[in-house]
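To keep things clear, I will list the structure first and then write my remarks on it.
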Amino acid sequence: MVVHVALTGATGFLGLRLLRRLLAAHRSVTVLVHAGSGDALHRIMRFFELTGAPEAFTTGLTGRLRVVETELERPRLGLSGRAFQELADGLGAIWHSAGSINLEGDLPELRRTNVEGTRHVLELAAAGRGRPVVHHVSTAFVAGRRREGVAYEDELDDACGFENAYEHSKYEAEKLIHAWSREHARPVVVLRPSVLVTDLPPHAELPAHPLQVIERIMRDARRTAGTGGQGRDGRPRVRLVGHPHGRLNLLQVEHAAEVMVRLAGRTPSGGVDTYHVVHDRDVPVPTVVTLLERLTSVAIELVATEPEDPSPLESLLRFYPGLTAYLAHRRRFDDTRVRTLLGPSAASGRVDLGYLCSGLATRDRVPAGPAAPAPTGFPSGHHP
């Protein structure tokens, strides 16, 4: 049976990798792109060209991708009633990967994209005659500000608050999904990735990943604030709240996309099935600190509380709460459900300092680790 698939966020960092995997399993994919982004197909094709896809695959994309311009923030995705209904009736599965990951955004702004956008995707799913299954990309960080212990896949509460408005908006989107699933007696698959990274060097025509954004913020802050207090080797000293035994979960984006699509192939329970798509080994916070020091030429000192005498650089970084809050985290994300379903293949390759530096154009600053395997999943032809 042919299943017609729609994907939002297809030009994003994760969305492009999801598209690669979906095209390996489906004859065609409908990509729902932001209205006015007339170059979406070109950006998708350039991604595949830059990441080693065979020429025949790339040139064949024009016949396999249907591009529909939409507006997530508007009812009916900004489409006419007729166009909306025709789109809905033609779908057997919807992947919702689009959203704002602005860690510095305010809650009303993020709600418009992450909550209302999800509401309108669910509206599309409810309108379709084929009752398409919804696959919603959330984040493991809906666990919020709880910094220790274990976050489980079935947990969804706001008792500890949130580190930033992004986490809060993704939590609200998941609550909306649970309510919709109950109301319509429909299955939804919720996929919660951790921080997604790559060892593919940055390129002007490829979307940036989260650590690139952090690098830019720290570089801009240093340029604006000047040198400030001096630390090791004469470099500017930056005191950041963090825990020396903290850990962050960083996962290769290609592996995340593979796991997500494989999980989507399971028969849903009928309610909301939630999966933590995370690495089985966390990255120690000191490794992240070393990475940030090499990227920005500062000397970072982890402290227990905010300094009372902040330097201009430290004061400026306080305006970016999404930047450093995670340096104090020691919690673990439980992924028992994923490992039970997928077995050893759920385990990811190693993410170490060499891997992270490779994805941030710093190969000359640190010895590279073992080479990552080339991306796979390029189909040689159409698939049913």
Under 3.5 Å, is there a donor-acceptor pair between the side chain of T8 and the main chain of S97? yes
Would you call E123 and R119 a salt bridge, taking side-chain N to carboxylate O under 4.0 Å as the test? no
Under 3.5 Å donor-acceptor, S181 side chain and I177 backbone: no
Using modelled atom types only, decide if a donor and an acceptor are shared between the side chain of T70 and the backbone of V33 within a distance under 3.5 Å. yes
Under the criterion side chain to side chain contact (heavy atoms under 4.5 Å, CB included), I'd like the reasoning laid out for K170 against V142: C-alpha separation, chi angles, the key distance, then a yes or no. CA-CA 6 Å; K170 297 297 281 187; V142 293; 3.8 Å; yes
Between E153 and R192, is there a side-chain N and carboxylate O pair less than 4.0 Å apart? no
Describe, in one word, how the ring planes of H135 and W95 are oriented to each other, choosing from parallel (under 30°), tilted (30 to 60°) and perpendicular (over 60°). parallel
Please confirm whether the backbone N or O of R330 pairs with a side-chain atom of R247, one donor and one acceptor, at under 3.5 Å? yes
Is R239 paired with E301 through a side-chain N to carboxylate O contact shorter than 4.0 Å? no
Any donor and acceptor pair, going by atom type alone, linking the side chain of E254 with main-chain N or O of R17 inside 3.5 Å? no
Are the side chain of N164 and the backbone N or O of E167 linked by a donor-acceptor pair below 3.5 Å? yes
Are a donor atom and an acceptor atom from the side chains of D334 and T336 found within less than 3.5 Å of each other? yes
Derivation of the side chain to side chain contact (heavy atoms under 4.5 Å, CB included) call for V298 and R235: CA-CA 5 Å; V298 299; R235 293 177 295 171; 5.5 Å; no
Can a salt bridge be assigned to the pair E49 and R46 using a cut-off of 4.0 Å between side-chain N and carboxylate O? yes
Do side-chain atoms of S169 reach the backbone of Y166 as a donor and acceptor pair under 3.5 angstrom? yes
With a 4.0 Å cut-off on N to O distance, would you call D273 and R337 a salt bridge? no
Those residues that, when tested against R281, pass salt bridge (charged side-chain N to carboxylate O under 4.0 Å, His left out) (two or more places apart): none
Check whether any side-chain N or O of E116 sits under 3.5 Å from a backbone N or O of E73 as a donor-acceptor pair, and report yes or no. no
Does E258 reach the main-chain N or O of R21 with its side chain, forming a donor-acceptor pair under 3.5 Å? no
CD of E205: more than 12 outside heavy atoms within 6.0 angstrom? yes
Roughly how far apart are H178 NE2 and R182 CZ, rounded to 0.5 Å? 7.5 Å
Parallel, tilted or perpendicular, judged at 30° and 60°: which one describes the rings of F333 and H276? perpendicular
